[in-house]
2 protein chains.
Amino acid sequence: MTKDNSTEQKILEAAEEVFHEKGYDGARMQEIAQHAGINKGLLHYYFQTKDKLFEAIFSVALNRMVSRVHIILETEGTLEEKIDLIIDQYMNIVLKNPSLPRFVITELNKNPDRFIARHINKDAKNAFSAFLISVQKEIDKGTIRQIDARQLLMNMISLIIFPFIGRPIMQVFFGANNEEFKKLLGERREHIKIFIKNAIKK
Amino acid sequence: MTKDNSTEQKILEAAEEVFHEKGYDGARMQEIAQHAGINKGLLHYYFQTKDKLFEAIFSVALNRMVSRVHIILETEGTLEEKIDLIIDQYMNIVLKNPSLPRFVITELNKNPDRFIARHINKDAKNAFSAFLISVQKEIDKGTIRQIDARQLLMNMISLIIFPFIGRPIMQVFFGANNEEFKKLLGERREHIKIFIKNAIKK
DNA sequence: GTCTATATCATGATAGAC
DNA sequence: GTCTATCATGATATAGAC
């Protein structure tokens with residue numbers, strides 16, 4: 001590793017932290033520079049504009065949010081195996097990186113067209129097709145009830161991700177508890193698996 | 001209505017639109033003034049600071065997100081009735097105001113402590129207690145399986161709200177379709193009711 | 001109450017020395 | 001490559017005329 005590379009790395013780590021925390025509008029180049037232990041001038045030397053730096057961070061984050069799911073959806077296996085895999089692996093990602101979903105979804109909403117187009121590619125379509133076939137197979141076998149595969153996938157993603165985004169609102173609903181919420185999130189992995197399987201079984 | 005009131009009203013409507021769309025950091029006083037058909041000076045005459053104007057908008061939004069649910073949770077009735085009521089009424093709110101959940105949750109996440117404390121009151125605790133009792137009653141009767149009431153409530157809220165926040169990411173997963181997504185949202189009300197009831201029944 | 005003009009400040013970005 | 005100093009812009013907020 002050259003020293004260039006090391007500085008660039010520090011910048012990327014600092015930028016990720018600040019952008020994830022504050023979003024594009026709330027992030028300050030000054031703060032990113034501080035976190036990286038350098039000054040603004042150097043920051044602009046590596047990434048000319050805030051926009052370019054943001055793009056670097058955002059594309060990694062978006063990829064982290066979708067690629068794993070795409071791979072799993074296409075994997076050979078029964079529907080039940082796919083469901084368990086998605087829940088396990090996706091939970092791992094968001095537990096390790098709790099601010100990721102909020103960041104990606106907030107920024108995606110601010111500028112949907114800008115990013116969606118480049119990510120709706122053949123991979124996405126193939127992945128979903130594979131999942132749809134798995135679902136239809138089980139319906140035909142009679143092991144699960146008639147259900148729209150898109151709604152099912154949306155339900156799974158909703159149940160996994162929402163608690164990480166909606167945490168403060170859920171705390172309002174429950175009435176306080178901060179420690180308990182963490183415990184709930186930990187128990188949630190198995191809870192969701194059972195919940196979904198019950199919901200679809202015949 | 002006096003003329004004062006009318007101008008204040010115009011400001012509030014404009015501010016709601018801009019804040020909901022762009023968030024606190026992205027919103028500009030200039031843009032709010034334009035939308036209201038006035039100038040920045042007058043805007044500051046009514047609401048001295050951006051912060052105060054934001055507070056006025058945000059408190060209404062947060063209230064819209066939680067009060068209805070609190071009321072329903074406390075209403076007399078069976079668990080099934082409560083579930084249907086929450087889904088129906090909450091769906092109505094977000095369908096009428098699709099940007100509401102995104103706005104509230106994004107801002108809440110940026111500054112959790114600032115707002116949560118004042119909303120975790122006796123109402124919240126009573127509401128959730130009432131729901132918890134309803135759930136326990138059904139478990140005791142043997143009509144539903146053993147389940148954590150907090151997880152169940154979180155699941156309901158997740159299934160209702162997430163699609164409105166996570167729409168762009170779901171479009172990536174599905175591979176495009178914009179019109180279809182609206183159709184999915186419309187069909188979702190009944191879908192969720194069935195999904196949840198199947199998930200909890202014994 | 002409403003407008004125009006202006007003060008003040010913070011931010012993204014650049015220039016230039018080392 | 002890295003730093004300091006500075007520019008240019010745009011945003012909140014205020015002052016003052018009408």
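Throughout, protein chains are lettered first and strands after them, A, B, ... in sequence-line order, and every chain is numbered starting at 1. Only a predicted model underlies this, so the values are computations on that prediction, with no experimental measurement involved.
Looking at heavy atoms from C-beta onward, B:D140 lies in side-chain contact with B:Q136 at the 4.5 angstrom threshold.
Between A:K183 and A:E179 no salt bridge is recorded (no basic side-chain N to carboxylate O distance below 4.0 Å). Using a 4.0 Å cut-off between charged side-chain N and carboxylate O, A:K110 and A:E107 make a salt bridge.
For the pairing with B:E80, the salt bridge (charged side-chain N to carboxylate O under 4.0 Å, His left out) check across B:K197, B:K193, B:K137 returns one residue only, B:K197.
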Its contact letters, B for base, S for sugar-phosphate only and - for none at protein heavy atoms under 4.0 Å, make nucleotides 13-18 of chain D read BB----

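C:dG12 atom P lies 16 Å from atom NZ of A:K52, rounded to whole Å. Atoms OH (A:Y24) and C1' (C:dG12) sit 9 Å apart, rounded to a whole Å. Nucleotide C:dT11 holds its P atom 10 Å from the CD atom of A:E31, rounded to whole Å. Atom CG of B:D25 and atom P of D:dA11 are 13 Å apart (whole Å). Straight-line distance from the OH atom of B:Y46 to the P atom of D:dT12: 20 Å, rounded to whole Å. For the pair A:L42 CG and C:dA15 P, the computed distance is 16 Å after rounding to whole Å. As rounded to whole Å, 11 Å separates atom P of C:dT4 from atom CD of B:Q30.
Using a 4.0 Å cut-off, some side-chain N or O of A:R28 falls inside it from OP1 or OP2 of C:dG12. Considering only side-chain N and O atoms, B:T7 lies nowhere under 4.0 angstrom from the phosphate OP1 or OP2 of C:dG1. Distances shorter than 4.0 Å separate none of the side-chain N or O atoms of B:N39 from OP1 or OP2 on C:dT2.
Across its full length, the helix from C:dG1-D:dC18 to C:dC18-D:dG1 shows an angle of 10° between the axes of its 5 terminal pairs at either end, rounded to 10 degrees.
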Tabulate below the donor-acceptor pairs under 3.5 Å that side-chain atoms of residues 93-101 of chain A make, not counting sequence neighbours, or state none.
none

Side-chain donor-acceptor pairs of residues 158-168 of chain A under 3.5 Å, sequence neighbours excluded:
residue : atom : partner : partner atom : Å
A:S158  : OG   : A:M154  : O            : 2.6
A:R167  : NH2  : A:N178  : OD1          : 2.9

Listing, residues 13-22 of chain A side-chain donor-acceptor contacts under 3.5 Å, not counting sequence neighbours, or none:
residue : atom : partner : partner atom : Å
A:E16   : OE1  : A:R64   : NH2          : 3.4
A:K22   : NZ   : A:E31   : OE1          : 3.0
A:K22   : NZ   : A:E31   : OE2          : 3.2

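In this structure, A:E138 contributes its side chain and A:V135 its backbone to no donor-acceptor pair below 3.5 Å.
Counting non-hydrogen atoms under 4.0 angstrom, B:A27 reaches the backbone sugars and phosphates but no base.
A:N92 meets the side chain to side chain donor-acceptor pair (under 3.5 Å) test with A:R189; sequence neighbours excluded.
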